[in-house]
Structures are given as C-alpha cells and as structure tokens.
Q: 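Handing you this structure, nothing more for now.
Values below: all heavy atoms of this structure, side chains included; hydrogens, waters and symmetry mates excluded.
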Amino acid sequence: MMPEELEKPVQNFLQQLGFRLLPVTCKGEERRIWHFFKHLFLSKKDYKNITGQDVEGYLLFHEWKSHTRQTALFTVKRFYGYLKDNHLVDHNPAEAVTLRLRKERTLIQAPPMEKIRSVLRRMGKDTADNGLRDRLMVELAYGSGLRRSEIATLNIEDVDLTQETAHVLGKGQKDRVVPLTKRSMEAFTAYI
C-alpha cells in the first residue's frame, strides 16, 4: 500500500525523528504514515498529486476525536514537509490545512477559602463516625489534593503518619505518594 519508492524515505524520516523523539512517538508517527498511505491507496489517489482537500477528507473520514485528528494532521504535514525538502514531491498538501479544535473545558473553580473553613468548622463539631469520616475525606481532597476515586480506595495501611504521607492508586492506575496536611493527619487519627 505504501508506494515502493517511499519505503526508504519513510525509514530515513523516522530515523531523523528518532534523534529527537522517544521511540514510542516514532512508532506512532510510523503507524499514522502507513495509515494515511493505506487511505490514499484505497481511494486510488497518487501521493504526489493530492490536495489539501484530500488531506481534510482523510481526517474527516475517520470518526476520531479532535486531538487524534490534530495528531494525524501534524504527522502528514511533517512527513510531506520532509518529502518536499528532499525534492520527492512538489508541494506539501497539508500545509494550509487547519483544524478547528473543540472549545476547551474550563477548570472547576475552587470555593473561596473562607467557605472551606466554614464547612470544615461545622464538620469538626460532628463527632459521630460518619462525621469524622466525612471530615477526613474533605481534608484529604482539599488539603492533599486526592481525587474522589483515590479517597474511595484509600486503606488504613496506605497512610504513614510518621512520614506524613499517603500512598494512593491514582488516575491511570499509577501509584503516587502525597503529603498529608497537619489537619488531615488529625482527622485521620480522630477517625481511627
């Protein structure tokens, strides 16, 4: 599916990328290049004569998320730039192609400090088991930056009061150690 005359240029291109990118990134670039040329082959398009519309058609044909489309476009632009610099094509069809990314989501705003203090003061008065637990969860979330899933899976043996740390299983199943605030340690001790 890859034109035979491009097999060596693809390898040279990837070798050049290998000097400045991680191997896993180069593998992704290679996969995207092969995928693009497979699309051209199936569309019966000659890689030397494609236009920006052909590149846009390729990107829109696949129901990818906007980030994946942007990455694929960047790969095609970079590879065709390499081909043009080495006089293997006359133009870079992806040069003028731009994608409109979806509007980024805004981050959730934290409540004002006084509001947090007020909530914690009220929670501090509740000495029932559930009240102590709830206060500990708020202290861990606000003071140590734990996510709700990290709090939900936190076990007693994951907390080291001497080191003032907690070992949590974070996003993407990655382990991390977080510092505990004085208040969260007090809440933990009270809850235990």
Q: Do Val24 and Leu17 belong to the same hydrophobic cluster, where Ile, Leu, Val, Met, Phe, Trp and Tyr are linked whenever their side-chain heavy atoms lie under 4.5 Å apart, directly or via other members?
A: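 Result: no, two separate clusters.
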Q: Would you compute the distance between atom SG of Cys26 and atom CD1 of Ile33 and round it to the nearest 0.5 angstrom?
A: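 That separation rounds to 9.5 Å.
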Q: Can you list every pair that meets side chain to side chain donor-acceptor pair (under 3.5 Å) and has a residue in residues 50-61, with sequence neighbours left out?
A: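 Only His35-Tyr58, Lys45-Asp54, Thr51-Asp54 qualify under side chain to side chain donor-acceptor pair (under 3.5 Å).
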Q: Does Trp64 reach the side chain of Gln70, with side-chain heavy atoms less than 4.5 Å apart?
A: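 Side chain of Trp64 against side chain of Gln70, heavy atoms only: no contact under 4.5 Å found.
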Q: Quick check: closest heavy atoms across Pro93 and His91, and the distance to 0.1 Å?
A: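 Smallest interatomic distance, heavy atoms only, reads CD-O, 3.4 Å.
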Q: With sequence neighbours excluded, tell me which residues meet ring-ring contact (aromatic ring centres under 6.0 Å, His included) with His167.
A: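 Partners of His167 by the ring-ring contact (aromatic ring centres under 6.0 Å, His included) criterion come out as none, since no residue qualifies.
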Q: Mind checking salt bridge (Lys or Arg N to Asp or Glu O under 4.0 Å) for Arg121 and listing every partner two or more places apart, or none if nothing turns up?
A: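 Arg121 satisfies salt bridge (Lys or Arg N to Asp or Glu O under 4.0 Å) with Glu114 only.
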Q: Once salt bridge (charged side-chain N to carboxylate O under 4.0 Å, His left out) is applied, what residue pairs with a partner in residues 181-192 remain, sequence neighbours excluded?
A: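 Every pair satisfying salt bridge (charged side-chain N to carboxylate O under 4.0 Å, His left out) with a residue in residues 181-192: there are none.
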Q: Please list all pairs meeting salt bridge (charged side-chain N to carboxylate O under 4.0 Å, His left out) that have one or both residues in residues 133-143, counting only residues at least two apart or in different chains.
A: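 For residues 133-143, and leaving out neighbouring residues, the salt bridge (charged side-chain N to carboxylate O under 4.0 Å, His left out) pairs sorted by first residue read Arg135-Glu139.
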Q: Residues in side chain to side chain contact (heavy atoms under 4.5 Å, CB included) with Lys125, at least two apart?
A: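 Checked Lys125 against side chain to side chain contact (heavy atoms under 4.5 Å, CB included); zero matches.
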Q: Answer yes or no: does atom CD of Glu7 have more than 12 heavy-atom neighbours from other residues, nucleotides or ligands under 6.0 Å?
A: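 Yes, CD of Glu7 has more than 12 neighbouring heavy atoms, counting only those of other groups under 6.0 Å.
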Q: To the closest 0.5 Å, what do you measure between OG1 (Thr25) and CZ (Arg20)?
A: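 Thr25 OG1 to Arg20 CZ: 11.5 Å, rounded to 0.5 Å.
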Q: Show me the pairs that pass salt bridge (charged side-chain N to carboxylate O under 4.0 Å, His left out) and involve residues 156-167, at least two apart or across chains.
A: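 For residues 156-167, and leaving out neighbouring residues, there are no salt bridge (charged side-chain N to carboxylate O under 4.0 Å, His left out) pairs at all.
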Q: Apart from Leu154 itself, which Ile, Leu, Val, Met, Phe, Trp or Tyr residues share its cluster (side-chain heavy atoms under 4.5 Å, direct or through members)?
A: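 Leu132, Leu136, Met137, Leu140, Leu146, Ile151, Ile156, Val159, Leu161, Val168, Val178, Leu180, Met185, Phe188, Tyr191, Ile192, all in the cluster of Leu154.
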Q: Please give me the minimum heavy-atom distance between Arg69 and His62, naming the atom from each residue.
A: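 In terms of heavy atoms, the two residues are closest at NH2-O, 2.9 Å.
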Q: Please tell me if the side chains of Val177 and Gln163 come closer than 4.5 Å, counting only heavy atoms from C-beta onward.
A: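 The answer is no; the side chains never approach within 4.5 Å.
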Q: Please report the interatomic distance CZ(Arg117) to CZ(Arg122), rounded to the nearest 0.5 Å.
A: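 Going from the CZ atom of Arg117 to the CZ atom of Arg122 covers 14.5 Å.
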Q: More than 12 heavy atoms of other residues, nucleotides or ligands under 6.0 Å from CG of Asp90: is that the case?
A: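 Counting other residues, nucleotides and ligands, CG of Asp90 stays at 12 neighbours or fewer.
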Q: Distance check, rounded to the nearest 0.5 Å: Arg78 atom CZ versus Arg32 atom CZ?
A: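 Here the rounded value is 8.0 Å.
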Q: Phe79: which residues meet the ring-ring contact (aromatic ring centres under 6.0 Å, His included) condition with it, sequence neighbours left out?
A: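 Checked Phe79 against ring-ring contact (aromatic ring centres under 6.0 Å, His included); matches are Phe13, Phe37.
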Q: Connecting only ILVMFWY residues whose side-chain heavy atoms lie within less than 4.5 Å of each other, what is the rest of Leu169's hydrophobic cluster?
A: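 None; Leu169 is a cluster of one.
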Q: Using a 4.5 Å cut-off between side-chain heavy atoms of Ile, Leu, Val, Met, Phe, Trp and Tyr, which other residues end up in the same hydrophobic cluster as Phe19?
A: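 Members besides Phe19: none; it forms no cluster.
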Q: Establish whether Leu14 and Leu22 are linked, either directly or via other cluster members, by ILVMFWY side-chain heavy-atom contacts under 4.5 Å.
A: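 In one cluster with Leu14: Leu22, no.
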Q: If Ile, Leu, Val, Met, Phe, Trp and Tyr residues are connected whenever their side-chain heavy atoms lie under 4.5 Å apart, and connections chain through other members, are Leu99 and Phe36 in the same group?
A: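 Yes, same cluster.
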Q: Could you go through residues 80-88 and list every donor-acceptor pair under 3.5 Å that involves a side-chain atom there, pairing it with any protein atom two or more places apart or in another chain?
A:
unit_1 : atom_1 : unit_2 : atom_2 : d
Tyr80  : OH     : Tyr47  : O      : 2.8
Asn86  : ND2    : Tyr82  : O      : 2.8

Q: Could you tell me the separation between the CZ atom of Arg31 and the CD atom of Glu29, rounded to the nearest 0.5 Å?
A: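 It comes to 10.0 Å.
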Q: Report whether Leu21 and Phe74 are members of the same hydrophobic cluster (ILVMFWY, side-chain heavy atoms less than 4.5 Å apart, transitive linking).
A: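 No; Phe74 is not reachable from Leu21 via cluster members.
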